[in-house]
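These numbers come from the heavy atoms of this one structure, side chains and all, not from hydrogens, waters or symmetry mates. In this text the structure is predicted, and so the values were computed from the model without any measurement.
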Amino acid sequence: MSIETPAPSAGPFAHERVSISRTMGLVMLALLPATLFSLWQFGWPAIYLFLVTVATVLVAEAACLRIAGKPIRPFLFDGSAVLTGWLLAMTLPPWAPWWTGVVGGFIAIVIAKHVFGGIGQNLFNPAMVGRVALLIAFPLELTRFVNPAPLFAAGSPDWQQGLAITFGGQFPDAFSGATLLGHVRTELGQGHLLSDILPNLYSPVADSVGTLAGSLGEGSALLILLGGLLLLYKRVITWQIPLAMLGTLALAATLMHLIDPAHYTGPLYHLVSGASLLGAFFIATDLVTSPVTARGQILFGAGCGLLVYVIRTWTGYPEGVAFAVLLMNACTPLIDHYVRPRVYGRDRQGEPLEYADEAEISR
Amino acid sequence: MTTALKTPKGIQWGRITRDGLWSNNVILSQTLALCPTLAVTGTATNGLGMGLATTAVLIVSNILVSLIRNVVTPEVRIPVYIVVIATLVTLVDLGLNAYAHELHKVLGLFIALIVVNCAILGRAESFASKNGVGAAALDGLMMGLGFTIVLMVLGGVREIIGSGTLFSGAALLLGQAMSFLELTLIPDYRGFLLAILPPGGFVALGFLLAGKRLIDRRAMRK
Amino acid sequence: MNATTWSEFRQGIGYQGLLLGVTVTMAATLLVVADRVTREPIAQRHAEDMNASLAQVIPPALHDNDLLANTVTLNDANGTPVQIYRALAGDRVTAVAFQVTGKGYAGDIDVILGLAADGKVLGARVLAHKETPGLGDKIEVAKGDWILAFDGRSLGDPPPARWAVKKDGGDFDQFSGATITPRAVVRALKGGLEFFATNRAVLTASPGNRQN
């Protein structure tokens, strides 16, 4: 099922130096600061989980390519598989056991990517499919977060204790901590008011810098934002999806916060907490699973933002970026069907453009 | 008007059997009746129960439809078949509830689902209404068995992956004598919830369908 | 009737109508007969089911009556009617049982609660729920003995403020990874106990003395 493009023999073809590897490389570069910071924050177990996930993804990719009879080396090392594993690892609780990374990696690559036909053919974002499948299958392991315990800091697990946590299934309860989103949901559920809950643990600064419990990618909002801006600057992504997603999320949060400040958190809280920024810049913008037109992308991003808010506020889950992105992925073909790019020389309805009267021209 | 297919040498036992069990299998080839298929195959036992209940209804409905096939005109055949099937299912439901209550507790959910099983109307329409009673009964049996086997395999796969057991609850369905079927294949298994939940059903069914295509293609090549 | 007229008749609207009419009449007749025949046995089976679940929360030694025969219906705090099964020893009410419902993670959790006349919990059993298998389903007695922790408790033991899961500052365990389910059950049971306390006079009055 490969798409063959005849070699250009003539015509105004310009070649831009864009390849899958370059795009993927830039995305990874943009992710690197936030990843390193979070790995430092959560120490050895997080590093092991990260490595296991990425290694699994590479093995799964190679196996699938082999079965499908495709060339292994070029596809394996184009970076797309590594990025899938990377993003998946970013959304897991840092101290989750190793087999969550393995199972999630296999589901992401085999079921979400290669069953649909490999790179460029998948309907859903593979990393998010892997994460959601894990969340549904192992609700316990996937909701067990820890407070940061930086590498080499006193009391943090050393590399041997890290091995025991990731591979030995020993989870030290002393470190366990709830994510901000999860904690606020629990407290609200018990009838507490926001004014009693937030001051104790929430400071926008700590939340933005990333010194709170959470998954790797929920760590440092600032560094994620920085990476996102780099992608925008390098034109790997366009502004439509992130802006529409974050804007809608902020708008919904502001609106509800104004109506009832005691029960609904404000926009800043929603923007810097959880995976909002990671989702907006790195996940929703996935080229394969988002609409092609600018207007379609705005619609897509707005849908993601609204769904994130709805899921966080009114459903059983405290965080909903993965669900929101997957649901909007499912809408992408529909959006692309209705919001089509204008064909050159035709108007939006597909009718040929009317030019100035020919008589006028000839005169 | 299409007349009944003339079967030159009586009932074509082999063809009907092969159609029902494999080449025209309700799920694997016709991809009909996916709603009950995905809804109840959390365990092999549930798959078996649903399959058997469907088979029973399928045989009787095929016989009845075949019996009245020369009386019913094409214009009103669909409502007539629907009434026949729905009545039949309701009778089975009432009977089981009254006289086999323990079985009904296990199968009750499935029986109501049989009414919406399009495979039954499908067989009435495409086979029973054009064939004699004997052939129709055999077709009902074979289609039902093919359905049962796939449901059982699907349920078994999901059960093993999902909870590490096989045929759990079989004694409830088949009586104490069959309790030896209940196996715990993976002791101390922590469970893979996804396989038992609906998404797991879709994924497992997808792999089954692909597997059948693969086997068919291999067979063709030979 | 020759072949032509028969086939013409078959094409006519009259035949179609007649055919549908006959089919539906026959189906309806069959269903009416079957319903008549099976109604009694089915009601009996359901009564047996109900008795079996009641027997789990009211020990048979406590009563000599048919639990299903002496029911009362009262409205709870929200105005929803609750059917109460009363266990009688002679003329005295020894225990009551009724169904309480909690809002679980995935839907309603129906629990049957048996209380002694002094307000102590005789037993509680989950009748139906839609909680996550392997996580929230430990409320079933078949999957764990969590629900047995309520036996012998009453509204004063622990005090009302501690009728909650440990995460909410109460006395009852939650499950690791699932708080919503046990919280819903504890709340439902507490509601049931409060309902009993409010209506205690009516519920434990000897049926012989009751006016209605």
Problem - Side-chain heavy-atom pair C:Thr23, B:Tyr81 within 4.5 angstrom cut-off - result: no

Exercise for the section: Please examine the side chains of B:Tyr99 and C:Thr38, heavy atoms only from C-beta on, and report whether any two atoms are closer than 4.5 Å. Expected result: yes

Using 0.5 Å steps for rounding, measure from the [atom1] atom of [X] to the [atom2] atom of [Y].
{"X": "B:Glu75", "Y": "C:Leu20", "atom1": "CD", "atom2": "CG", "result": "11.0 Å"}
{"X": "B:Thr90", "Y": "C:Asp35", "atom1": "OG1", "atom2": "CG", "result": "10.5 Å"}
{"X": "B:Leu91", "Y": "C:Leu30", "atom1": "CG", "atom2": "CG", "result": "5.5 Å"}

Practice task
May I ask you to check whether over 12 heavy atoms, not counting those of C:Lys190, lie within 6.0 Å of atom NZ?
Solution key: yes

Problem - Residue among B:Leu88, B:Val71, B:Ile68, B:Val84 with most heavy-atom pairs under 4.5 Å to chain C - result: B:Val71

Fill in the blank from the handout: For C:Asp110, the salt bridge (Lys or Arg N to Asp or Glu O under 4.0 Å) test, sequence neighbours excluded, returns none

Problem - Any residue of residues 41-61 of chain C which, by heavy atoms, sits under 4.5 Å from chain B - result: C:Pro41, C:Ile42, C:Arg45, C:His46, C:Asp49

